[in-house]
*Asks:* 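I have a structure here, written as structure tokens, and I will follow up with some questions on it.
Just so you know, residue 1 is the first one in the sequence shown, and it goes up from there.
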Amino acid sequence: MKQTPEKEAVVALYQTGDTLSIRKNRPYYLTTTDAQGNFRLDNVKEGSYRMYALVDKNNNSYYDSEEERIAYLPEPIMITPTTDTVKLQTIRIDTKKPILLARERFTDRFVANYNEGIQAFNAISVTGKDTIMSRIATDGKYAELFKTQNFSGGKAILAAIDSAGNIGVDTLEIAFEGKISTRIKGAQVKVINTKNSGGFAVGQPVVIELQTPVRIQGTTPISLMADSTVIHTLTYPEQISLDRTNTEIRFSLPSIPNKVKQVVIVLDTAAVVPLEGAPLSIPQLQLSISEEKGTGVISGRINTSYTSYIVQLLNSEFKVVEQQQGKNTYRFNSVTPGTYQIRVLIDANNNGKWDKGDPEFKRLPEPVYIHPKALEVRANWEIEKENLEF
């Protein structure tokens with residue numbers, strides 16, 4: 001996914017006709033890569049071989065942990081005096097399903113805690129009649145099921161999906177009992193993955209997490225204050241929205257006077273009312289305002305014979321900042337100044353997703369293209385005609 005050289009990776013050959021396996025046996029031939037990822041195997045007997053490369057964390061020359069990265073060729077390679085250079089690309093293979101570690105019961109929600117981050121979650125009643133409202137936590141480590149008019153408890157099927165597409169399924173008896181969850185004391189500003197750092201910018205979405213599901217019964221439930229002065233009164237539903245779980249309020253940060261570096265969000269507890277229980281005690285929420293540095297734009301055309309792909313904008317830590325479904329052109333707006341790269345996940349078989357590696361080593365991952373040029377984004381500047389060709 002980074003396409004950087006693998007230093008000191010083990011490159012291994014196994015004769016095709018035998019039953020030796022890189023999971024259990026040492027190879028016939030092996031070598032290690034240099035700092036640039038290059039390798040050389042000399043004096044190899046002519047014949048058919050299965051070929052692998054392994055970032056061997058425990059130095060036993062076996063692939064015995066999914067924490068190790070591995071490369072493979074899905075078909076045997078014929079070694080002759082004229083065998084050409086071989087390129088291997090390591091991947092991480094994950095076959096472990098998410099495991100439900102613990103469950104927590106509250107009067108307003110049921111919490112399912114998992115052993116790893118999950119990217120998708122679904123819950124349905126075994127009767128098929130009830131709608132179960134749920135959401136995944138920001139870090140992906142747990143999912144919450146909420147009590148609603150349509151679902152007040154009973155047996156349900158929970159399906160959690162991790163980033164590798166592994167699915168963990170559990171059938172549980174869901175009960176809403178005990179106390180209201182206190183993970184959040186009244187309300188808090190939700191930390192989300194945004195393009196901006198060091199504070200919130202004008203126009204950026206602000207999400208407020210609430211202690212328990214609520215309804216909004218007033219037209220002006222939120223005020224923004226600076227130095228004890230109200231600078232904005234936000235109206236519902238014109239400027240404010242409530243998510244489907246009734247536990248998150250969202251609005252876009254309006255224009256702020258230039259000299260203001262901090263605002264206070266004040267929620268009217270007479271307008272933001274819990275669906276059940278006593279009124280909330282909501283603290284004033286501090287919100288830092290980012291300096292007006294301006295943002296940039298990256299755009300260009302895409303030249304390819306592929307018809308399905310995802311274009312990703314990566315920051316300097318190779319984390320996805322934004323992604324777009326492939327078209328003939330791409331454009332990333334409002335990019336914070338910094339250094340970026342562009343990666344493309346290619347859906348070569350047109351099944352609507354990028355397919356990862358095969359645990360049986362019979363199919364390669366689908367292609368990944370990384371634009372060779374690092375892009376330096378400046379404020380109020382557009383990088384145009386940065387074309388991609390793959």
*Asks:* Would you check if the side chain of Thr83 reaches a backbone N or O of Met78 as a donor-acceptor pair within less than 3.5 Å?
*Replies:*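 The answer is yes, because a donor-acceptor pair under 3.5 Å joins these two groups.
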*Asks:* Rounded to the nearest 0.5 Å, what's the gap from CD on Gln36 to NZ on Lys7? Could you check?
*Replies:*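 Taking CD in Gln36 and NZ in Lys7, the distance rounds to 9.5 Å.
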*Asks:* Just to verify, what does Gln262 make a side-chain hydrogen bond (donor to acceptor under 3.5 Å, both in side chains) with, not counting sequence neighbours?
*Replies:*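 With sequence neighbours excluded, Gln262 shows a side-chain hydrogen bond (donor to acceptor under 3.5 Å, both in side chains) to Gln286, Ser288, given in chain and number order.
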*Asks:* State yes or no: do Ile346 and Ile302 share one hydrophobic cluster built from I, L, V, M, F, W and Y residues joined by side-chain heavy-atom distances below 4.5 Å, directly or via other members?
*Replies:*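 They do share one cluster, since a chain of ILVMFWY contacts under 4.5 Å joins Ile346 to Ile302.
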*Asks:* Taking distance alone, no hydrogens or angles, what donor-acceptor pairs closer than 3.5 Å link side-chain atoms of residues 354-368 to residues at least two apart or in another chain?
*Replies:*
{"unit_1": "Trp354", "atom_1": "NE1", "unit_2": "Glu366", "atom_2": "O", "d": "3.0"}
{"unit_1": "Trp354", "atom_1": "NE1", "unit_2": "Pro367", "atom_2": "O", "d": "3.3"}
{"unit_1": "Asp355", "atom_1": "OD1", "unit_2": "Asn351", "atom_2": "ND2", "d": "3.3"}
{"unit_1": "Asp355", "atom_1": "OD2", "unit_2": "Asn349", "atom_2": "ND2", "d": "2.8"}
{"unit_1": "Asp355", "atom_1": "OD2", "unit_2": "Asn351", "atom_2": "ND2", "d": "3.1"}
{"unit_1": "Lys356", "atom_1": "NZ", "unit_2": "Ser163", "atom_2": "O", "d": "2.6"}
{"unit_1": "Asp358", "atom_1": "OD1", "unit_2": "Glu360", "atom_2": "N", "d": "3.1"}
{"unit_1": "Asp358", "atom_1": "OD2", "unit_2": "Lys362", "atom_2": "N", "d": "2.9"}
{"unit_1": "Asp358", "atom_1": "OD2", "unit_2": "Arg363", "atom_2": "N", "d": "3.3"}
{"unit_1": "Arg363", "atom_1": "NH1", "unit_2": "Lys356", "atom_2": "O", "d": "2.8"}
{"unit_1": "Glu366", "atom_1": "OE1", "unit_2": "Asp355", "atom_2": "N", "d": "2.8"}
{"unit_1": "Glu366", "atom_1": "OE2", "unit_2": "Ala348", "atom_2": "N", "d": "2.8"}
{"unit_1": "Glu366", "atom_1": "OE2", "unit_2": "Asn349", "atom_2": "N", "d": "2.9"}

*Asks:* Counting only N and O atoms by type, is there a donor-acceptor contact under 3.5 Å from the side chain of Tyr14 to the main-chain atoms of Asn25?
*Replies:*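 Checked: pair present.
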*Asks:* Regarding Arg92 and Glu68, does a basic nitrogen lie under 4.0 Å from an acidic carboxylate oxygen?
*Replies:*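 Looking at Arg92 and Glu68, the cut-off is not met.
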*Asks:* Taking atom CD1 of Ile216 and atom CD1 of Ile240, what is their separation to the nearest 0.5 Å?
*Replies:*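 Answer for the CD1-CD1 pair, Ile216 versus Ile240, is 6.0 Å.
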*Asks:* Is any side-chain heavy atom of Ile79 closer than 4.5 Å to a side-chain heavy atom of Glu46?
*Replies:*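 Side chain of Ile79 against side chain of Glu46, heavy atoms only: no contact under 4.5 Å found.
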*Asks:* Would you give the length of the straight line joining atom CG of Leu172 to atom CG of Leu158, rounded to the nearest 0.5 angstrom?
*Replies:*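 Leu172 atom CG to Leu158 atom CG measures 5.5 Å (nearest 0.5 Å).
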*Asks:* Looking at Gln3, I'd like to know if its CD atom is crowded, meaning that more than 12 non-hydrogen atoms belonging to other residues, nucleotides or ligands lie closer than 6.0 Å.
*Replies:*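 Count over threshold, so yes.
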*Asks:* Quick one, Val321 and Phe332 - any side-chain contact, counting heavy atoms below 4.5 Å?
*Replies:*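 The answer is no; the side chains never approach within 4.5 Å.
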*Asks:* Which atoms form the tightest heavy-atom contact between Arg50 and Gln15, and what is the distance?
*Replies:*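 What the structure gives for the nearest pair is NH2-O, 3.2 Å.
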*Asks:* Determine, using the 4.5 Å side-chain heavy-atom cutoff (strictly less than), whether Val297 and Val377 are members of one ILVMFWY cluster.
*Replies:*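 Hydrophobic grouping puts Val297 apart from Val377.
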*Asks:* Quick one: hydrophobic cluster around Val169, which other residues, with the 4.5 Å side-chain cut-off, linked directly or via members?
*Replies:*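 Besides Val169, the hydrophobic cluster comprises Ile124, Val126, Ile157, Ile161, Ile167, listed by chain and residue number.
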*Asks:* What are the two closest heavy atoms between Thr269 and Leu280, and how far apart are they?
*Replies:*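 Taking Thr269 first and Leu280 second, the nearest heavy atoms are CG2-O, 3.4 Å.
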*Asks:* Do the side chains of Asp243 and Val207 get nearer than 4.5 Å, heavy atoms only?
*Replies:*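 Contact flag for Val207/Asp243 side chains = no.
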*Asks:* Report, as yes or no, whether the 6.0 Å neighbourhood of atom CZ on Arg40 holds more than 12 heavy atoms from other residues, nucleotides or ligands.
*Replies:*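 Atom CZ in Arg40 is not crowded, with 12 or fewer foreign heavy atoms closer than 6.0 Å.
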*Asks:* Side chains of Tyr369 and Arg343: closer than 4.5 Å at any heavy-atom pair?
*Replies:*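 No - every pair of side-chain heavy atoms lies 4.5 Å or more apart.
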*Asks:* Glu384 side chain to Ser299 main-chain N or O, any donor-acceptor pair under 3.5 Å?
*Replies:*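 It does not hold such a pair.
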*Asks:* Using modelled atom types and a 3.5 Å cut-off, is there a donor and acceptor pairing between side-chain atoms of Arg109 and backbone atoms of Pro213?
*Replies:*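 Side chain of Arg109 to backbone of Pro213: no pair is present.
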*Asks:* Show the nearest heavy-atom pair for residues Thr295 and Pro337, with the distance to one decimal.
*Replies:*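 Nearest pair, atom of Thr295 first, then Pro337: CA-CD, 4.4 Å.
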*Asks:* Find out whether Asp162 and Pro98 are in side-chain contact, i.e. whether some heavy atom of one side chain is under 4.5 Å from a heavy atom of the other.
*Replies:*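 Result yes, sub-4.5 Å side-chain heavy-atom pair found.
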*Asks:* Using modelled atom types only, decide if a donor and an acceptor are shared between the side chain of Asp56 and the backbone of Ser61 within a distance under 3.5 Å.
*Replies:*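 Yes, Asp56 side chain to Ser61 backbone: donor-acceptor pair under 3.5 Å.
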*Asks:* Does the side chain of Val11 come within less than 4.5 Å of Met51's, by heavy atoms?
*Replies:*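 Of all side-chain heavy-atom pairs linking Val11 with Met51, at least one is under 4.5 Å.
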*Asks:* First locate atom CD1 of Ile383, then atom NZ of Lys373, and finally report the distance between them rounded to the nearest 0.5 Å.
*Replies:*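 It comes to 7.0 Å.
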*Asks:* Which distance, rounded to the nearest 0.5 Å, do you find between the OG1 of Thr219 and the OH of Tyr236?
*Replies:*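 Result: 11.5 Å between the selected atoms.
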*Asks:* Looking at Met225 and Val266, what are the two nearest heavy atoms and their distance?
*Replies:*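 Smallest heavy-atom distance, with atoms named: SD-CG2, 3.7 Å.
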*Asks:* Judged by atom type as modelled, is there a donor-acceptor pair below 3.5 Å linking the side chain of Asp347 to the main-chain atoms of Gly352?
*Replies:*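 Confirmed, Asp347 side chain pairs with Gly352 backbone.
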*Asks:* Can you list the residues that meet the side-chain hydrogen bond (donor to acceptor under 3.5 Å, both in side chains) rule with Ser134, with sequence neighbours excluded?
*Replies:*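 Once residues adjacent in sequence are excluded, Ser134 has no partner under the side-chain hydrogen bond (donor to acceptor under 3.5 Å, both in side chains) criterion.
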*Asks:* Hey, are the side chains of Ile174 and Ile132 touching, using non-hydrogen atoms and a 4.5 Å cut-off?
*Replies:*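 They are not in contact (no side-chain heavy atoms under 4.5 Å apart), so the answer is no.
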*Asks:* Just checking Arg378: does its CZ atom have more than 12 heavy atoms from other residues, nucleotides or ligands closer to it than 6.0 angstrom?
*Replies:*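 Open.
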*Asks:* Please lay out, stage by stage, how Asp94 and Lys96 fare under the test side chain to side chain contact (heavy atoms under 4.5 Å, CB included).
*Replies:* CA-CA 6 Å; Asp94 180 7; Lys96 298 176 181 177; 3.8 Å; yes
*Asks:* How far apart are the closest heavy atoms of Ala201 and Leu253, and which atoms are they?
*Replies:*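 Minimum heavy-atom contact is O-CD2, 3.6 Å.
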*Asks:* Set out, in order, the CA-CA distance, both residues' side-chain angles and the distance that settles side chain to side chain contact (heavy atoms under 4.5 Å, CB included) for Lys155 and Thr171, then state yes or no.
*Replies:* CA-CA 7 Å; Lys155 189 168 288 188; Thr171 301; 3.7 Å; yes
*Asks:* Is there a side chain to side chain contact (heavy atoms under 4.5 Å, CB included) between Leu73 and Val86 once you walk through the steps?
*Replies:* CA-CA 10 Å; Leu73 298 179; Val86 176; 4.1 Å; yes
*Asks:* Do Arg26 and Tyr62 meet the cation-pi criteria used here (NZ or CZ under 6.0 Å from the six-membered ring centre, within 45° of the axis)?
*Replies:*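 Yes, Arg26 lies over the aromatic ring of Tyr62.
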*Asks:* Rounded to the nearest 0.5 Å, how far does CZ of Arg103 lie from CG of Leu145?
*Replies:*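 Answer rounded to 0.5 Å: 12.0 Å.
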*Asks:* Under 4.0 Å between a side-chain nitrogen and a carboxylate oxygen: does that hold for Glu382 and Arg331?
*Replies:*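 Salt bridge present between Glu382 and Arg331.
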*Asks:* Main chain of Val344, side chain of His371: is a donor-acceptor contact present, judged purely on distance under 3.5 Å?
*Replies:*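 Between the backbone of Val344 and the side chain of His371 there is no qualifying donor-acceptor contact (under 3.5 Å).
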*Asks:* List for me each residue that meets side-chain hydrogen bond (donor to acceptor under 3.5 Å, both in side chains) alongside Gln211, sequence neighbours excluded, and say none if there are none.
*Replies:*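 Scan of Gln211 (side-chain hydrogen bond (donor to acceptor under 3.5 Å, both in side chains), adjacent residues dropped) gives none.
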*Asks:* Not counting sequence neighbours, which residues clear side-chain hydrogen bond (donor to acceptor under 3.5 Å, both in side chains) with Thr307? List them please.
*Replies:*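 Scan of Thr307 (side-chain hydrogen bond (donor to acceptor under 3.5 Å, both in side chains), adjacent residues dropped) gives Asn350.
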*Asks:* Any chance the rings of Tyr309 and Phe390 have centres within less than 6.0 Å?
*Replies:*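 Ring centroids of Tyr309 and Phe390 are less than 6.0 Å from each other.
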*Asks:* Would Glu248 and Arg135 count as a salt bridge (Lys or Arg N to Asp or Glu O under 4.0 Å) if you check the C-alpha gap in whole Å, the side-chain angles of each, and the deciding distance to 0.1 Å?
*Replies:* CA-CA 11 Å; Glu248 291 186 355; Arg135 73 172 179 192; 3.1 Å; yes
*Asks:* Taking Thr33 for the side chain and Glu6 for the main chain, is one N or O donor matched with an acceptor at less than 3.5 Å?
*Replies:*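 Yes; judged by distance alone, with no hydrogens or angles, the pair exists.
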*Asks:* Regarding Lys147 and Glu276, does a basic nitrogen lie under 4.0 Å from an acidic carboxylate oxygen?
*Replies:*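 Counted as a salt bridge, because a side-chain N and a carboxylate O are separated by less than 4.0 Å.
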*Asks:* Asn43 versus Tyr29: any side-chain heavy-atom pair under 4.5 Å?
*Replies:*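 No, their side chains stay 4.5 Å or more apart.
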*Asks:* Could you tell me whether a side-chain N or O of Asn166 sits under 3.5 Å from a main-chain N or O of Gly168, the two making a donor and an acceptor?
*Replies:*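 Not confirmed, Asn166 side chain does not pair with Gly168 backbone.
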*Asks:* Would Val214 and Val273 count as a side chain to side chain contact (heavy atoms under 4.5 Å, CB included) here? Give the steps.
*Replies:* CA-CA 5 Å; Val214 301; Val273 182; 5.9 Å; no
*Asks:* Does the Asn113 side chain pair with the main chain of Leu101, one donor and one acceptor, at a distance under 3.5 Å?
*Replies:*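 Side chain of Asn113 to backbone of Leu101, a donor-acceptor pair under 3.5 Å: no, none is there.
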